[in-house]
Number of protein chains: 2
Amino acid sequence: MLDVTPHAPGKDEPVPSSAQPTRSPSPRYGARPTMKDVAARAGVGLKTVSRVVNGEPGVTADTERRVQDAITALGFRRNDSARILRKGRTASIGLVLEDLADPFYAPLNRAVEEVARAHGALLINGSSAEDPERERELALAFCARRVDGLIVIPAGDDHRYLEPEIAAGIATVFVDRPAGQMDADAVLSDSFGGAREGVAHLAAHGHRRIGFIGDRPRIHTAAERLRGYRAAMADAGLPVDESWVSLGPTTPERVRAETERMLAGPAPVTALFTGNNRVTATAVRVLARVPRRVALVGFDDLELADLLSPAVTVVAQDAARLGRTAAEQLFRRLDGADEPPRRVVLPTRLIARGSGELRPEE
Amino acid sequence: MLDVTPHAPGKDEPVPSSAQPTRSPSPRYGARPTMKDVAARAGVGLKTVSRVVNGEPGVTADTERRVQDAITALGFRRNDSARILRKGRTASIGLVLEDLADPFYAPLNRAVEEVARAHGALLINGSSAEDPERERELALAFCARRVDGLIVIPAGDDHRYLEPEIAAGIATVFVDRPAGQMDADAVLSDSFGGAREGVAHLAAHGHRRIGFIGDRPRIHTAAERLRGYRAAMADAGLPVDESWVSLGPTTPERVRAETERMLAGPAPVTALFTGNNRVTATAVRVLARVPRRVALVGFDDLELADLLSPAVTVVAQDAARLGRTAAEQLFRRLDGADEPPRRVVLPTRLIARGSGELRPEE
DNA sequence: TCCGGATCTGACAACGTTGTCTAGGCTCTA
DNA sequence: TAGAGCCTAGACAACGTTGTCAGATCCGGA
């Protein structure tokens with residue numbers, strides 16, 4: 001491990017001639033130059049290099065140029081780990097989400113990134129895969145890296161493990177679902193109201209037997225949406241047969257089976273309310289193969305939903321706004337806002353496209 | 001800035017009673033306990049705490065318990081910045097992608113994350129938004145954090161700025177597109193072959209005037225796909241009218257306008273090959289409003305593409321495999337593999353669903 | 001009783017950076 | 001010409017951790 005790898009560090013400086021004779025001071029492979037090396041090469045003090053690197057004032061143009069030359073010649077890049085250790089602040093925030101690949105969370109992720117960028121912070125993120133233990137691991141790993149703040153889409157329902165971290169100064173905002181067993185900032189969509197509106201929409205079109213397929217009841221949004229369903233049914237004076245309600249994992253297999261079950265029997269449901277984008281996608285697939293026309297309203301919008309036939313009526317959340325709001329709240333905290341924990345609830349929007357306006361066939 | 005915030009650090013240890021009387025040793029807000037503090041409280045040496053924290057051997061059960069108690073009592077968490085500084089390795093990799101929110105890159109992102117996790121590494125990622133300058137900023141920011149390795153989806157076409165970093169030991173793998181102006185590991189999809197196959201499919205169904213709408217020619221995949229289009233046309237003995245070819249930004253506005261342009265006039269195209277998922281989505285929207293039946297094959301699969309009518313025929317890439325392959329290659333490098341740069345090209349798969357099998361209407 | 005060796009423990013330096021403090025040279029004014 | 005004041009520059013300590021090394025303790029066997 002002491003490979004000699006010259007590799008001329010020719011850089012972008014469009015300086016005229018004097019192509020320095022590549023007398024690389026034998027930078028061992030993997031051993032990066034430090035400010036000390038730069039200082040030695042430029043014939044200046046360590047601190048002067050620091051000043052140049054950070055654009056601090058108090059360096060003459062001539063000295064600065066010497067330092068810059070040494071920097072490019074050596075291929076120096078400041079070691080942010082050391083900087084972070086020294087300064088205490090990391091200029092980075094962590095985002096724990098459920099699944100990086102879930103199309104619903106992607107715009108949220110991106111929105112958080114944009115806000116972070118605007119504040120000069122780097123984003124570190126990771127997927128909990130709906131596993132509380134993994135959520136915890138990730139969040140604590142971020143804390144060990146001393147992120148300045150944390151945005152969490154909860155997978156678990158007990159977040160007291162974060163209390164020491166929060167007490168130690170790591171600002172934390174929960175998004176999409178509230179924190180479990182503790183009081184903290186949270187930015188949510190109106191799951192209850194949205195589901196209620198969606199189900200009411202179906203009831204208004206004459207449906208009396210409406211099915212509900214959602215995520216596991218442990219998940220706050222799933223429970224809230226079910227509550228919205230029940231409220232809408234009650235509002236419409238409709239009884240709920242418990243065989244019309246199904247909560248559980250959102251795997252295609254389960255959703256498919258449950259959908260088919262609800263459509264079978266002597267008194268099948270004539271309409272379906274699906275609790276999130278994954279459920280809706282599977283339900284659409286099942287319904288496409290069923291001769292009967294079954295009405296459908298789904299929570300969360302889908303790409304291309306407008307192009308299906310019938311086009312899918314949805315209760316849309318603004319995922320990007322969710323992320324933006326949470327990130328802004330986080331940076332407000334980082335800037336010292338000292339208000340009590342806030343809970344923001346963003347409205348949902350019913351987008352009628354056709355599938356929710358089908359009338360029951362009897 | 002010396003707020004007193006007691007906040008008992010009660011932890012998860014399910015110890016029987018003795019709810020410690022919350023005598024938090026007044027941890028100043030924002031000032032985290034260090035190993036020194038833990039050592040002082042446990043009455044042991046600094047290094048012993050380090051041993052316990054890292055599970056190193058050579059500590060008696062009794063001493064270990066004392067240290068553990070102090071750790072939970074103080075809410076200590078190891079500062080990874082300091083650890084990284086000391087150890088040199090960060091156990092993290094960086095991923096520069098085009099857009100966190102693009103559904104095509106989401107599975108790639110997730111696959112990289114899973115591989116990183118399997119290797120005990122953390123993933124830091126960010127969106128370049130197709131801006132070469134931003135790609136550079138991000139990649140160098142990751143380097144400053146001393147990631148062990150870097151996976152880049154190139155936005156720019158000159159990556160020599162990474163040479164000093166690579167020389168300094170940061171393993172780098174490019175994915176989806178090759179590096180510009182330098183030789184490096186790359187994992188790609190067979191854009192040329194895929195486009196050729198897709199266009200040949202259209203030609204085989206009797207189309208002679210086939211349009212091509214793709215991304216900006218600066219982007220390697222866009223250029224390759226266009227090359228595939230031309231090859232397929234030549235193979236089929238079909239002339240190409242340059243008005244059937246359009247490369248540029250993939251904004252809905254431009255794609256809409258170009259699609260409409262190609263469908264107008266005396267000799268409109270009867271089939272369309274779209275160069276990526278965003279273009280396809282917009283084209284589908286436009287075609288849905290056109291009375292004439294226009295055949296369509298798109299590069300990249302779309303969620304719900306199978307449910308449209310006609311269902312959309314696509315040339316699918318395996319984005320997850322792209323990510324997995326790249327990440328595995330990266331870790332192979334990190335484990336010391338010293339082969340010359342490798343370029344891996346993954347096959348694409350034509351999925352015929354209907355829209356590509358429409359015959360030309362005349 | 002004493003010694004060799006194994007086991008446990010802690011003092012100390014180092015990682016690369018930044019904040020503080022002081023020295024030296026210069027200019028400007030009285 | 002002396003003194004005050006400014007500007008540039010560098011020495012040094014500190015951030016929190018880990019690797020090295022050496023000291024302390026305890027065991028069994030001679």
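Please read these numbers as outputs of a predicted model, since none were measured by experiment. Excluded from the calculations below are hydrogen atoms, water molecules and symmetry mates; all remaining heavy atoms, backbone and side chain alike, are included. Chain letters run A, B, ... following the sequence lines, proteins first and then strands; every chain starts at 1.
A pairwise comparison of heavy atoms in A/L330 and A/A171 identifies CD1-O, 3.5 Å as the closest pair.
When the side-chain nitrogen and oxygen atoms of A/R86 are compared with OP1 and OP2 of D/dA14, none of them lie within a distance under 4.0 Å. Put simply, B/T63 has no side-chain N or O that comes within less than 4.0 Å of OP1 or OP2 on C/dC8. An OP1 or OP2 oxygen of C/dT18 is reached within less than 4.0 angstrom by a side-chain nitrogen or oxygen of A/N54. The phosphate of D/dG10 has OP1 or OP2 within less than 4.0 Å of a side-chain N or O from A/T48. At least one side-chain nitrogen or oxygen of A/T60 sits closer than 4.0 Å to the OP1 or OP2 atom of D/dA9. Remark: A/S50 is not in phosphate contact with C/dT17, judged by side-chain N or O atoms under 4.0 Å from OP1 or OP2.
Under a 4.0 Å N-O distance rule, the pair B/R324/B/E113 does not qualify as a salt bridge. Taking a cutoff of 4.0 Å between a charged side-chain nitrogen and a carboxylate oxygen, B/D99 and A/R110 qualify as a salt bridge. Salt-bridge check for B/R32 with A/E165: passed, with a basic side-chain N closer than 4.0 Å to an acidic carboxylate O. Using a cutoff of 4.0 Å between basic side-chain nitrogens and carboxylate oxygens, B/D37 and B/R41 are not scored as salt-bridged. By the 4.0 Å N-to-carboxylate-O rule, B/R134 lies close enough to A/E114 to be salt-bridged with it.
On a pure distance criterion of 3.5 Å, no polar donor-acceptor pair joins the side chain of A/R32 and the base of C/dG16. For D/dG19, its base never sits under 3.5 Å from the side chain of B/R51 at any donor and acceptor pair.
For B/R146 and D/dT17, the CZ to P distance is 21 Å, given to the nearest whole Å.
Backbone-only engagement by B/V59 is indicated by non-hydrogen atom pairs under 4.0 Å involving sugar-phosphate atoms exclusively.
For A/V44, the side-chain atoms get nearest to D/dG10 when compared with the rest of D/dG10, C/dG10, D/dT17. Among the nucleotides D/dT17, C/dT9, C/dT18, the one closest to the side chain of A/K87 is C/dT18.
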Give me the distances for all protein-to-nucleotides 22-28 of chain D N/O pairs that come in under 3.5 Å?
none

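Side-chain atoms of B/Q68 and B/R65 form no donor-acceptor pair, as typed in the model, at a separation below 3.5 Å.
Remark on DNA chain C: of its neighbouring residues A/K47 and B/K47, the 5'-side contact belongs to B/K47, judged by nearest-heavy-atom nucleotide. Projected onto DNA chain C by closest heavy-atom contact, B/A82 and B/G58 fall at different nucleotides, the more 5' of which corresponds to B/G58.
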